[in-house]
Amino acid sequence: MRLLIAEDDPQLGDGLTIWLRQDGHAVDWVKDGQAADLALKSGDYDLLLLDLGLPRQEGMAVLRALRGRGQSLPVLILTARDAVHDKIAGLDGGADEYLVKPVSLDELSARVRALLRRAAGHARPCLRLGELVLDPAMRQVTLAGEPIELSAREFALLQVLMRHPGRVMSRAQLEAAVYGWKDEPDSNALEVHIHRLRKKLGVERIRTLRGIGYTMPGE
Ligand code: CA
């Protein structure tokens, strides 16, 4: 999944980026409200982690503009403002979750997973395709009950494919879901990850549609 962090505190922004990348997400980080607004207009994100006290444009203004455009991605506010009226304003303004700093990173990961799950309309937390089961919360993949070891990138890639069984995902869609801005993929990195996934899961599970993209056949 592709996340946007809007946070002007360099240390926190850096820490959050590293932490959420370890969770297998593609993460972009912007340091002011205007940059957040611009990035969100691309429509490329699955979730926004939003600080309220941002330079150039307040977090609440970013949120209002986002919802004003009809964009429904989940928004998690992460702020030092702990007053009840701020929480109410944030949630009424269209945020899905409101966390007060300092936050436990493990809890943050769990909230992010819950919001992404809800947004994807998956009542069940696990993704299943035949005997292949992916558990986003536990970051586990099993095949016929046997655990499969995957790298963070392989896991992220598989998660995107399994969320859209039977649908062809383009190279660009897969790369966008797996890589952040700062680590641009080299030209054949995606093929390398797909190759490794096939080796671990079975060649037939991921089909190549030459020049179009990749798909995992549905059941
Ligand atoms: Ca701030």
Side-chain angles (χ1 to χ4, degrees), residues 1-120 136-137 139 152-153 155-156 159-160 175-185:
M1 298 283 109
R2 193 174 185 90
L3 317 186
L4 182 70
I5 298 175
E7 172 61 66
D8 60 321
D9 180 306
Q11 239 180 337
L12 182 59
D14 197 41
L16 290 171
T17 301
I18 292 167
W19 179 261
L20 290 168
R21 278 192 183 148
Q22 281 170 2
D23 273 354
H25 304 293
V27 180
D28 296 326
W29 167 29
V30 290
K31 300 177 182 96
D32 69 69
Q34 273 178 21
D37 195 53
L38 197 67
L40 288 163
K41 281 178 183 158
S42 71
D44 283 345
Y45 295 97
D46 300 298
L47 183 139
L48 167 66
L49 197 65
L50 181 67
D51 180 25
L52 291 183
L54 286 172
R56 298 179 79 194
Q57 191 172 325
E58 276 279 308
M60 280 305 294
V62 173
L63 181 59
R64 271 195 301 275
L66 178 76
R67 296 310 189 211
R69 288 192 295 271
Q71 290 181 269
S72 62
L73 70 156
V75 175
L76 193 160
I77 290 177
L78 181 59
T79 178
R81 296 179 193 169
D82 60 354
V84 172
H85 65 86
D86 282 323
K87 291 182 188 173
I88 292 170
L91 294 167
D92 281 350
D96 299 276
E97 188 73 74
Y98 193 107
L99 295 177
V100 177
K101 295 170 186 171
V103 68
S104 128
L105 290 173
D106 286 317
E107 180 181 355
L108 181 71
S109 290
R111 301 271 178 192
V112 165
R113 286 194 296 270
L115 287 175
L116 290 172
R117 209 157 58 216
R118 216 181 297 158
R139 294 192 39 72
R153 285 269 163 79
F155 184 90
Q159 184 164 299
V160 178
E175 283 174 351
V178 175
Y179 302 96
W181 287 339
K182 281 183 191 129
D183 43 11
E184 283 300 311

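Residue numbers run from 1 in the order of the sequence given. Keep in mind that this is a model prediction, so the values were computed, not measured. Below, all heavy atoms of this structure are taken into account, side chains as well, without hydrogens, waters or symmetry copies. First listed ligand is number 1; within each ligand, the first listed atom is number 1.
For the Ca ion (ligand 1), the nearest N, O or S atom contributed by Asp51 is named OD2. Within Asp8, the N, O or S atom lying nearest to the Ca ion (ligand 1) carries the name OD1.
The Ca ion (ligand 1) has no N, O or S atom of Asp9 inside 3.0 Å of it. The nearest N, O or S atom of Gly59 is not closer to the Ca ion (ligand 1) than 3.0 Å.
A side chain to side chain contact (heavy atoms under 4.5 Å, CB included) with Leu49 is found for one member of Val27, Val75, Leu16, Leu115 and no other, namely Leu16.
Using a cut-off of 4.0 Å between Lys/Arg side-chain N and Asp/Glu carboxylate O, Asp37 and Arg69 are scored as salt-bridged. Arg67 and Asp92 are not joined by a salt bridge, as no carboxylate oxygen comes within less than 4.0 angstrom of a charged side-chain nitrogen.
Asp28 and Tyr45 are linked by a side-chain donor-acceptor pair at a separation below 3.5 angstrom, with hydrogens and angles left out of the test.
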